[in-house]
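Let me begin by presenting the structure, written as structure tokens, before commenting on it.
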Amino acid sequence: MDIRRRPPPPTSPDHARPQHHLHKNQSSAVVDHTLPSPTPKASDALPLPLYLTNAVFFTLFFSVAYYLLHRWRDKIRNSTPLHVVTLSEIIALVSLIASFIYLLGFFGIGFVQCFISRASHDTWDLEDDVMEPPQQSFRDHRLVTCPPPKLIQPDPLVSTGDEEIVESVRSGAIPSYSLESKLGDCKRAAGIRREALQRMTGRSLQGLPLEGFDYDSILGQCCEMPVGYVQIPVGIAGPLLLDGFEYSVPMATTEGCLVASTNRGCKAIYASGGATSTVFRDGMTRAPVVRFASAKRASELKFFLENRANFDTLAVVFNRSSRFARLKCIQCSIAGKNLYIRFTCSTGDAMGMNMVSKGVQNVLEFLRDDFPDMDVIGISGNFCSDKKPAAVNWIEGRGKSVVCEAIIKEDVVQKVLKTSVAALVELNMLKNLVGSAVAGALGGFNAHAGNIVSAIFIATGQDPAQNVESSHCITMMEAVNNGKDLHISVSMPSIEVGTVGGGTQLASQSACLNLLGVKGASKDLPGSNSRLLATIVAGSVLAGELSLMSAIAAGQLVKSHMKYNRSSKDVSKATS
């Protein structure tokens, strides 16, 4: 559109040019007394009241449309041509067209007029931006005036001094959790919160570092109300020779001897030709609990969900949650009127708790059509089971189920591990198998799998609380090759890891994942990075089990811990 300004009229000494202009956002407007009479509406000539006329035509339109759809459906079922119509169908078609024309005229004309009116007003405003208004200044009801746009004012707290904000947090005038949103500076918010905390508690946080951390990276996803960060040293064990590839394994821990012991196990595995691993199951779980009025009704839903004929439909509904989520199976358990539904699905390279929860929500909403009396008590009913020791994870698995094995040669056992094959086999049977059974262990038939799992989890940004089920492990040892060599294996049914999401995107954790070659999502084969990380965890556990069991068999455990795991630093002078 060519937007041009009109030239101003000539001025004279007696008539000075007005100094104001007419804009679309101004509240005053001009009255045009030559307006044409309003356009009559389509319903003005109708004898009936307007609301009654509208109701009649609305009812006619939808009832006729419903009738014709049913007639056409019957014709399709009976293979009758659609163009063969009866008298009643002709009348219905005429009624449909007539009601449609009325409704279009009643509602459509007003909409078009409103649209044209707004367009004309916009054009007038652009073309006559500097046109002087007449001397009269009355309000024109034809113009739709808008208030001036509201400017987003910065929060006054941004320009307030830190000392004043600290005192406001102490007094409760400003909630501590709102500092990030009010200040727009995550690091400044952490510093103010830290100072307010020290004053309120009378305790010093000296020694807890504040500088050197990207607080923006954790906002809204990793940690709330930060006041600093904890330094955990990261050691490297390896190279771990696993499935023909070497891996340098990062381990974040404050326990002495742990990295060194795992490193010795890696050395023994490497000298014996390496270890092999297999992922034999991959699926994250979520189990909501629903309730019915009777146990019989709960049983009906159980039969429906476990019927293979219904699985494909449920899978389509479930998989809408993500392009990576794929429902694999549904397992149900009844407790009276309550039904626990355990969904298992693959989740790509993500650990997948949020992904599977969204899929479960989709299915529950879908089931309400056939089971309207279903009462969803909770999205999680602990039949999952997450972050708790549970037999269902030990038996059915959760996350990645991995088995890893190696054959350690006799000379390596003697020279590197400083023990014998027979001593290791006997110790494993009496300690890891019989001893754990006497203790009533649940998935704890190992020496210290949780040590290695936790250290790798912290280093690579996994959820440390999922160490509970991820450390389920049974360690097996037996003599092979006429009793000369040692066959060792670890079976871990529920390693819950991911390479995207959560803490994996933080700089330090991302660097550790990059060291292992599993950073981010795999573009070629979704899920392969997380499965590889699970095998590395299992391979590292294999190395840790081998080394610790050898230290116990050789009587070196106490000696090594007394040497490397005892601190002589005086911590009694820490600031209080």
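If you're wondering where the values come from, they're calculated on a predicted model, not measured in any experiment.
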Checklist entry - Are the side chain of Asn393 and the backbone of Ala390 linked by a donor-acceptor contact shorter than 3.5 Å? => result no
Checklist entry - Could you go step by step and tell me if Leu242 and Leu542 meet the side-chain contact (heavy atoms from CB on, under 4.5 Å) rule? => result CA-CA 11 Å; Leu242 178 66; Leu542 182 73; over 6 Å; no
Next on the checklist: Check this for me: Lys388, atom NZ, are more than 12 non-hydrogen atoms of other residues, nucleotides or ligands nearer than 6.0 Å?
Outcome noted: yes
Item to check | Separation between CD1 of Ile536 and CD1 of Ile452, rounded to the nearest 0.5 Å | outcome: 15.0 Å
Checklist entry - So which pairs with a foot in residues 304-329 pass side chain to side chain donor-acceptor pair (under 3.5 Å), sequence neighbours left out? => result Lys302-Glu306
Checklist entry - Between Ser454 and Asn467, do the side chains contain an N or O donor and an N or O acceptor separated by less than 3.5 Å? => result yes
Item to check | Residues in side chain to side chain contact (heavy atoms under 4.5 Å, CB included) contact with Ala449, at least two apart in sequence or another chain | outcome: Asn446, Cys473, Val541
Checklist entry - Judged by atom type as modelled, is there a donor-acceptor pair below 3.5 Å linking the side chain of Glu410 to the main-chain atoms of Val421? => result no
Checklist entry - Quick one: do the Glu180 and Tyr215 side chains pair a donor with an acceptor below 3.5 Å? => result no
Checklist entry - Phe292 and Ala298: which non-hydrogen atoms are nearest, and at how many Å? => result CD1-CA, 3.6 Å
Checklist entry - So with a 6.0 Å cut-off around CD of Gln414, is the heavy-atom count from everything else above 12? => result yes
Item to check | Polar contact flag, side-chain donor to acceptor under 3.5 angstrom, Ser277-Asp243 | outcome: yes
Checklist entry - Should the ring pair Phe318 and Phe343 be called parallel, tilted or perpendicular, given that the plane angle runs from 0 to 90° and is split at 30 and 60? => result parallel
Checklist entry - Under the side chain to side chain contact (heavy atoms under 4.5 Å, CB included) test, which residues partner Ser333, sequence neighbours left out? => result Phe383
Checklist outcome for this item: When every non-hydrogen atom of Ala335 is compared with those of Tyr340, the smallest separation belongs to CB-CE1, 4.0 Å
Item to check | Lys267 side chain vs Gly265 backbone, donor-acceptor pair below 3.5 Å | outcome: no
Item to check | Euclidean distance, Gln462 CD relative to Cys512 SG, rounded to 0.5 Å | outcome: 11.0 Å
Checklist entry - If you round to the nearest 0.5 Å, how far is NZ of Lys519 from CG of Leu513? => result 8.5 Å
Next on the checklist: Looking at Ser522 and Gly527, would you say the former's side chain and the latter's main chain have a donor-acceptor pair under 3.5 Å?
Outcome noted: no
Next on the checklist: Can you tell me how far apart SG (Cys345) and CZ (Arg286) are? Round to the nearest 0.5 Å.
Outcome noted: 11.0 Å
Item to check | Sidechain N-carboxylate O distance under 4.0 Å for Lys409, Asp485 | outcome: no
Next on the checklist: Under a 3.5 Å distance rule, please check whether Glu405 uses its side chain to pair with a backbone N or O of Val490 as donor and acceptor.
Outcome noted: no
Checklist entry - Are any side-chain N or O atoms of Arg281 and backbone N or O atoms of Ser401, one a donor and one an acceptor, separated by less than 3.5 Å? => result no
Checklist entry - Quick one: side chain to side chain donor-acceptor pair (under 3.5 Å) partners of Arg194, sequence neighbours excluded? => result none
Next on the checklist: Determine whether a donor-acceptor pair (N or O, by modelled atom type, separation under 3.5 Å) exists between the side chain of Asp349 and the backbone of Ser530.
Outcome noted: yes
Next on the checklist: Please enumerate all residues that pass side chain to side chain contact (heavy atoms under 4.5 Å, CB included) together with Gln505, with sequence neighbours excluded.
Outcome noted: Gln221
Item to check | Trace of the side-chain contact (heavy atoms from CB on, under 4.5 Å) decision for Glu478 with Met476 | outcome: CA-CA 7 Å; Glu478 63 176 293; Met476 303 291 292; over 6 Å; no
Checklist entry - Quick check: does any side chain N or O of Thr201 sit under 3.5 Å from a backbone N or O of Leu197, one acting as donor and the other as acceptor? => result yes
Counting only pairs under 3.5 Å, give me each side-chain donor-acceptor contact of residues 229-238, with atom names and distances, residues two or more places apart or in other chains.
unit_1	atom_1	unit_2	atom_2	d
Tyr229	OH	Glu211	O	2.6

